[in-house]
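Shown next, in structure tokens, is the structure this report addresses.
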2 protein chains.
Amino acid sequence: MADVISPATKLAPNPLFLRDEDLRQGIELLFYAYRDFTGEPDAILAELGLGRAHHRAIYFVGRHAGITVSELLAILKITKQSLSRVLSQLVREGYIQQRPGKRDRRQRLLELTEKGKELERRLTRTQRERIARAYREAGAEAVAGCRKVLLGLVDETERRKILARPDGTTKAGA
Amino acid sequence: MADVISPATKLAPNPLFLRDEDLRQGIELLFYAYRDFTGEPDAILAELGLGRAHHRAIYFVGRHAGITVSELLAILKITKQSLSRVLSQLVREGYIQQRPGKRDRRQRLLELTEKGKELERRLTRTQRERIARAYREAGAEAVAGCRKVLLGLVDETERRKILARPDGTTKAGA
DNA sequence: AAATTACGTCAGCCATATTGACATATTACC
DNA sequence: GGTAATATGTCAATATGGCTGACGTAATTT
């Protein structure tokens, strides 16, 4: 039960659901799901001259109003230069608003403007509906299973953060 | 039961697992899982001067030996110009081999060389291990649920193709 | 006063995608 | 046999979203 994955072999007669074929199906399913999951918002964004990166920023700023730049960087795992470009465009075009932190005035706490919230809702709606449909069709039990598995795919160090994060929505820092 | 998603409202007292909060968790989980799922192979690829796009091509050519260019395009959903660059590099560097179709000699059937197979195994191994661990920890039932949900996220027209695809591995065309 | 932190920015590079136009070989059809 | 359609490739231009490295500034910490 310890060596469920026989290294570098396709013919491993693995027990259960851990056969090479099943794992490959998992890899592919994740690819297809992600591919189609991002398709609809991408189309909306393209009209506005924005890209997927903007969506991610808008999404997480909406989710954690008052988030700092470095916290956002930690979530997105990109460099500050990359984020900076995205963020400054969103500020320039009035989707996101910055205000200095109260406790630490070096910080620039981020929040969505009304325009930003509107776009966030519009973008997220398509994904929420897609997920809701999938959830509904699969049933509560399957959903619980899905969450378990997906969480297991995340780097271990990140897992705690994610579990700690939800509900900690209103972190108005100033 | 029909309008489980009340449009543009956060406070919808939805039944079950379909509350806004749950759906958002789903969105995020997918983001985190995908982010970390692609991290390891990306590092290997970077050393070789390749990118994620090369991985995808290698993966699916490995999975469907003898696949045609247009079939591969249909899976990846990118333009042929994009694929062309990736593919010609992989051929040039000896990871992928082309041979004309037997029945239709316009086709260039794709298959991995030994070098390509080696790289494919190396890349896929990290993902397979990650999935295997997640599966093992979550249990068979959760895995089944996960598959159901992820499949539900895929565009409907694609779903059939995916279900039809697995096992149809050996499509040696020439 | 000096070091560190939070953030921004400039410059340049690379990978991955796009569209549009055109070329070639092959097959299919009338 | 000639024309149309198909499978593939290619050239050129463009955009996006990452990256590294270096430097700057304001605020906080020590």
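It should be emphasised that the depicted structure is a prediction, and the values quoted were computed from it without experimental measurement. Letters A, B, ... mirror the listed sequences (proteins, then strands); counts begin at 1.
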May I ask you to say whether [X] pairs ionically with [Y], meaning some side-chain N is under 4.0 Å from a carboxylate O?
{"X": "B:R130", "Y": "A:D155", "result": "yes"}
{"X": "A:R63", "Y": "A:E120", "result": "no"}
{"X": "B:E40", "Y": "B:R125", "result": "no"}
{"X": "B:E114", "Y": "B:K117", "result": "yes"}
{"X": "B:E118", "Y": "B:K115", "result": "no"}

Nearest to the [X] side chain among [options], which nucleotide is it?
{"X": "A:K80", "options": "C:dA21, C:dT9, D:dG17", "value": "C:dT9"}
{"X": "A:I78", "options": "D:dG17, D:dC19, D:dG9", "value": "D:dC19"}
{"X": "B:S70", "options": "D:dT8, D:dC19, C:dG8", "value": "D:dT8"}

Nucleic acid contacts - residues 81-89 of chain A versus DNA chain D, non-hydrogen atoms under 4.0 Å
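Output list: A:Q81, A:S82, A:R85.
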Establish, with yes or no, whether the OP1 or OP2 oxygen of D:dT16 is under 4.0 angstrom from a side-chain nitrogen or oxygen of A:H54.
no
Using only side-chain N and O atoms of B:Q98, determine if any of them is under 4.0 Å from OP1 or OP2 of D:dG9.
yes
May I have the distance from [X] (atom [atom1]) to [N] (atom [atom2]), rounded to whole angstrom?
{"X": "B:L90", "N": "C:dT16", "atom1": "CG", "atom2": "P", "answer": "10 Å"}
{"X": "A:D104", "N": "D:dT25", "atom1": "CG", "atom2": "P", "answer": "19 Å"}
{"X": "B:L109", "N": "C:dT26", "atom1": "CG", "atom2": "P", "answer": "14 Å"}
{"X": "B:L110", "N": "D:dG9", "atom1": "CG", "atom2": "P", "answer": "7 Å"}
{"X": "B:I67", "N": "D:dA7", "atom1": "CD1", "atom2": "P", "answer": "14 Å"}
{"X": "B:R52", "N": "D:dG17", "atom1": "CZ", "atom2": "C1'", "answer": "11 Å"}
{"X": "B:R105", "N": "C:dA28", "atom1": "CZ", "atom2": "P", "answer": "11 Å"}
{"X": "B:L50", "N": "C:dA17", "atom1": "CG", "atom2": "P", "answer": "13 Å"}

Residue met sooner reading DNA chain D from 5', once B:R108 and A:T79 are mapped to nucleotides
B:R108
Going by atom types only, do B:E71 and B:H64 share a side-chain donor-acceptor pair under 3.5 Å?
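Judged by distance alone, the side chains do not pair up.
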Does a donor on one side chain and an acceptor on the other come within less than 3.5 Å for B:Y59 and A:E28?
yes
Ignoring hydrogens and angles, answer whether the base of C:dT27 and the side-chain atoms of B:R106 contain a donor-acceptor pair closer than 3.5 Å.
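Per atom types, no contact qualifies.
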